[in-house]
Number of protein chains: 2
Amino acid sequence: MTLTDTNSWTGIREVLLRRIHNRIWQPGELIPHEADLAEEFGCARTTVNRALRDLAESGLVIRKRRAGTRVAINPPQRATLTIPIIREEVESLGRSYRHSVLERNLRALPPMLHGAFQVSLSEDVLFLKTLHFSDERPYAFEERHINLDAAPDARDLAFNEISANEWLVHNAPYTHGDLSFFAVNADETLCRKLDATTGMALFAMERITWAGEMPITHVRLIFAPGYRMRTEI
Amino acid sequence: MTLTDTNSWTGIREVLLRRIHNRIWQPGELIPHEADLAEEFGCARTTVNRALRDLAESGLVIRKRRAGTRVAINPPQRATLTIPIIREEVESLGRSYRHSVLERNLRALPPMLHGAFQVSLSEDVLFLKTLHFSDERPYAFEERHINLDAAPDARDLAFNEISANEWLVHNAPYTHGDLSFFAVNADETLCRKLDATTGMALFAMERITWAGEMPITHVRLIFAPGYRMRTEI
DNA sequence: CACATTAATATGTGCATGCATATTATCTTA
DNA sequence: TAAGATAATATGCATGCACATATTAATGTG
């Protein structure tokens, strides 16, 4: 038995967790309310509240005012993905990072993004194709649209020194965004860029970010063969 | 300007967020400490603490005792993925769900999983191949190993009524796990099962879960063509 | 009986205070 | 001067209390 340090909120959380795991409280069942638990553990209600709040955040219990706290019927499996700046991801693996801008121009917003960007933009967007390298081997291929209304300084930057990925994180913080993951087959051009063979399945990610109502950037990243996105749950 | 409801912790969080977004506090910069902010907002230190704790959780600020709170240099982009039970995912899209167990037998733990499962198991594991359908069209193909030490009741279940996916969530809660996402090419057998053409890129997920030291299950899910995993950030 | 009103109740949050703990800065001392 | 002891300080956490708010149950009313 681990030292439970009851009357610390983490300790109480562990006790509650064990009861849920051991089915002392069945899924769907109402558990005692804060005041009772506080008395049982001999601590303040605030402390129990903290523990329960944490369990609710991770989806294990459902809390409603007046209705009480009940064990979740099917705890949704939540996974927190950390999506780092590519340079940092590569360097954290002990590899050297480099990137190369393959294409850079102004163009009208592609129709595909009209819906996603929602607002009609007053001017062209900056389009970039970038290849990211890990130890001089292709790591990921990036296609990006930048809304110059949201990041006007980007117009004068070549993004040869600092990648658009990193520059935007530092200079155009977003408030929210959409993120999706999927698989694509490598076409001819992707193959040449990513050292893949034609048709190979590649892991891809697409992201659109906004600062309030203003769309900032759309990016599509396609990773070299063998890439896995990992996390712990 | 939105109503800021200062002296509520969420209101204070919004104000702090705006200051970070507007670069009033530069990345890397030390921000005033809790007591000062509490005085500025005319609230208790606890309330400021709650707001700062929340910002720290989302990775926007870094907090260290004595050292103070500083704005993160490159806020890691954290995304929370909710991985639902497949039946619920399908039904939430308004489709009908069905699954079919294609194969079910006991076998020795495959060498591939010896490392992952870490401990040597005393007996065989239960192996299952399941196909999940959405509106009678293939949705995902599942290969699963279940440790019968962790879930002995599984030995007598056919998993025709309730899928192993769902049964395990209800009957063998895990404490932690590893999760990864990647892309695979459809091979001959996958094609037949998932209505794909040979070589098509498919989105896949692999997951191993433990209850404490005890491995529970390994599962590999391969989704039908076109699948996207989405989230908001 | 249907519907609106009111009361009861469990969680949500704020406050003032005190102490714990990690980390940095400062002061000793060999 | 370098290494170790000590003080200072910002966050972390627990407590007791009060009030806010959402939701359910009970009650009243046409």
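Just so we're on the same page: letters track the sequence lines, and every chain starts at 1.
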What I want to check is whether the side chains of E206(A) and H218(A) have a donor and an acceptor closer together than 3.5 Å. yes
Please state how far atom NE2 in H33(A) lies from atom C1' in dG12(C), giving the value in whole angstrom units. 15 Å
Short side-chain donor-acceptor distance under 3.5 Å, N49(A) and R53(A): yes
F203(B) ring center within less than 6.0 Å of F182(A) ring center: no
Taking N or O atoms only and anything under 3.5 Å, show me the protein contacts with nucleotides 5-8 of chain C, one pair per line.
none

All N/O donor-acceptor pairs, side-chain side in residues 72-86 of chain A, below 3.5 Å, sequence neighbours left out:
from, atom 1, to, atom 2, distance (Å)
N74(A), ND2, E88(B), OE2, 3.4
R78(A), NH1, E57(A), O, 2.6

Roughly how many Å is it from CD in E34(B) to P in dT11(D), rounded to a whole number? 5 Å
What is the distance from CZ of R53(B) to C1' of dT11(D), rounded to the nearest Å? 11 Å
5′-ward residue of the pair A67(A)/R65(B) relative to DNA chain C: A67(A)
Can I get a per-line list of side-chain donor-acceptor pairs under 3.5 Å for residues 158-165 of chain A, giving both atom names and the distance, sequence neighbours left out?
from, atom 1, to, atom 2, distance (Å)
S163(A), OG, E166(A), N, 3.2

Quick check: Y139(A) with F133(A) (ring centres under 6.0 Å apart)? no
Measure CG/N49(A) against C1'/dC19(D) and give the value in whole Å, please. 15 Å
With sequence neighbours excluded, residues passing side-chain hydrogen bond (donor to acceptor under 3.5 Å, both in side chains) with R144(A): E142(A), T217(A)
Let me know the distance between CG of D36(B) and C1' of dT9(D), rounded to the nearest Å. 12 Å
Residues R50(B), E34(B); criterion salt bridge (Lys or Arg N to Asp or Glu O under 4.0 Å); working and verdict: CA-CA 10 Å; R50(B) 186 97 159 75; E34(B) 296 184 348; over 6 Å; no
Which atoms of nucleotides 15-17 of chain C (N or O only) lie under 3.5 Å from a protein N or O atom, and what are those distances?
from, atom 1, to, atom 2, distance (Å)
dC15(C), OP2, A44(B), N, 2.9
dC15(C), OP2, T47(B), OG1, 2.5

Whole Å only: how far is the CD atom of E57(A) from the P atom of dT11(C)? 17 Å
Gap between atoms CD1 and P, on I62(B) and dT23(C) respectively (whole Å): 14 Å
For E40(B), what residues pass the side-chain hydrogen bond (donor to acceptor under 3.5 Å, both in side chains) criterion, not counting sequence neighbours? R19(B)
Atom CZ of R70(A) and atom C1' of dA10(C) are separated, to the nearest Å, by 12 Å
